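Since this is a predicted model, take the numbers as computed values, not measurements.
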Amino acid sequence: DALKTLRETRGVVAAKADAPAMARVFEAQGAMIAALRAADARLCVDFVYGGASDAFMAFASANRAPFAAVARANLDAILDGAEKKIVRERPGDEDFAALEAALRAKGMGDAEIAALLDGKTPDPPLPDERMCEAAGAYVAAMLALPEPARARMMALAIELMARS
C-alpha cells in the first residue's frame with residue numbers, strides 16, 4: 001500500500017530519471033512478471049493491471065525479493081528523477097511503430113498490442129497466460145528499443161503507470 005501511494009503521489013517524478021534508472025524499473029517488473037507467471041498467470045495479470053488481490057499479497061509476502069526489487073527500482077527512479085529533472089520529448093509515431101514492430105516480432109497480435117499500448121480490453125478477454133506472456137514481451141521490447149526512443153517510451157509508460 002505504501003509503494004502504491006508513493007507511486008501515485010510521486011511516481012511521475014520517476015519519468016524524469018535518467019535512462020538507466022528507468023530501465024531498472026522495467027527490468028525489475030520483468031523479473032516480477034516472470035516470477036508471477038511461473039506461480040500463477042492470474043497473479044501476473046493482477047500485477048500488470050495494478051490489482052492487489054489477497055492471492056497477490058500472499059505471493060508478495062512469500063516472494064519478497066522480486067517485490068522488493070520492484071519497490072527499490074521505483075524508489076531509485078523517483079529519487080533520480082527528482083535530482084536530474086530530465087525533460088524529454090513525448091514519443092512520436094515512429095517510437096510507437098518501433099515498439100509495435102518489436103511486439104509483433106515477439107509473436108504478439110492485434111489483441112495483445114491493443115491491450116498493451118492502448119489499454120483496450122480484448123473481446124473476448126485474453127487468457128491469463130497469454131496476457132502475462134504479452135506483458136513480458138512488452139517489457140523486453142521496451143528494453144530493446146534503441147535510444148533515444150527507449151527513454152521517451154519508458155518515461156511515458158512510467159508516467160502513465162503513476163497516473164493509473
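- One finds the CG atom of Leu116 at 8.0 Å from the CE atom of Met108 (value rounded to the nearest 0.5 Å).
- Using a 4.0 Å cut-off between a side-chain N of Lys or Arg and a carboxylate O of Asp or Glu, Glu27 and Arg24 do not qualify as a salt bridge.
- Other residues, nucleotides and ligands contribute at most 12 non-hydrogen atoms within 6.0 Å of the CG atom of Asp93.
- Smallest separation of non-hydrogen atoms from Ala39 and Phe59: CB-CE1, 3.6 Å.
- Note: Phe26 and Tyr138 have tilted aromatic rings, judged against thresholds of 30 and 60 degrees for the angle between ring planes.
- Of all heavy-atom pairs between Met22 and Ala14, the closest is CG-O, 3.6 Å.
- Under 4.0 Å is where a charged nitrogen must lie from a carboxylate oxygen, and between Arg104 and Asp110 at least one such pair does.
- Contact check for Cys132 versus Leu43: no side-chain heavy atoms found under the 4.5 Å cut-off.
- Atom CD of Glu89 has 12 or fewer neighbouring heavy atoms from other residues, nucleotides or ligands inside a 6.0 Å radius.
- The distance from the CG atom of Leu36 to the CG atom of Asp128 is 12.0 Å, given to the nearest 0.5 Å.
- Crowding of Lys84 atom NZ: a count of heavy atoms from other residues, nucleotides or ligands under 6.0 Å exceeding 12.
- Not counting sequence neighbours, Lys106 has no partner by the salt bridge (charged side-chain N to carboxylate O under 4.0 Å, His left out) test.
- Between Arg42 and Phe56, every side-chain heavy-atom pair lies at or beyond the 4.5 Å cut-off.
- Closest heavy-atom contact between Ala111 and Leu126: CB-CD2, 4.1 Å.
- Distance check, rounded to the nearest 0.5 Å: CD1 of Ile33 to SG of Cys44 gives 5.5 Å.
- Distance check, rounded to the nearest 0.5 Å: OG of Ser61 to CG of Asp54 gives 12.0 Å.
- Annotation for Asp95 and Ala149: closest pair OD1-CB, 3.2 Å, computed over non-hydrogen atoms.
- Side-chain atoms of Asp80 come within 3.5 Å of backbone N or O of Asp18 as a donor-acceptor pair.
- Atom CG of Leu103 is separated from atom CE of Met142 by 9.5 Å, given to the nearest 0.5 angstrom.
- Here the CD-NZ distance, from Glu112 to Lys120, works out to 14.0 Å after rounding to the nearest 0.5 Å.
- Hydrophobic clustering (side-chain heavy atoms under 4.5 Å, transitive across Ile, Leu, Val, Met, Phe, Trp, Tyr) keeps Ile86 apart from Met154.
- Ile158 and Leu79 fall into different hydrophobic clusters, defined by Ile, Leu, Val, Met, Phe, Trp and Tyr side-chain heavy atoms under 4.5 Å apart, directly or through other members.
- You'll find the side chain of Gln29 reaches within 4.5 Å of the side chain of Met161, heavy atoms only.
- Smallest separation of non-hydrogen atoms from Arg150 and Ala23: NH1-CB, 4.1 Å.
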Derivation of the salt bridge (Lys or Arg N to Asp or Glu O under 4.0 Å) call for Lys16 and Glu159: CA-CA 9 Å; Lys16 297 180 181 297; Glu159 181 180 330; over 6 Å; no

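- Taking each heavy atom of Val25 and Ala77 in turn, the nearest pair found is CG2-CB, 3.7 Å.
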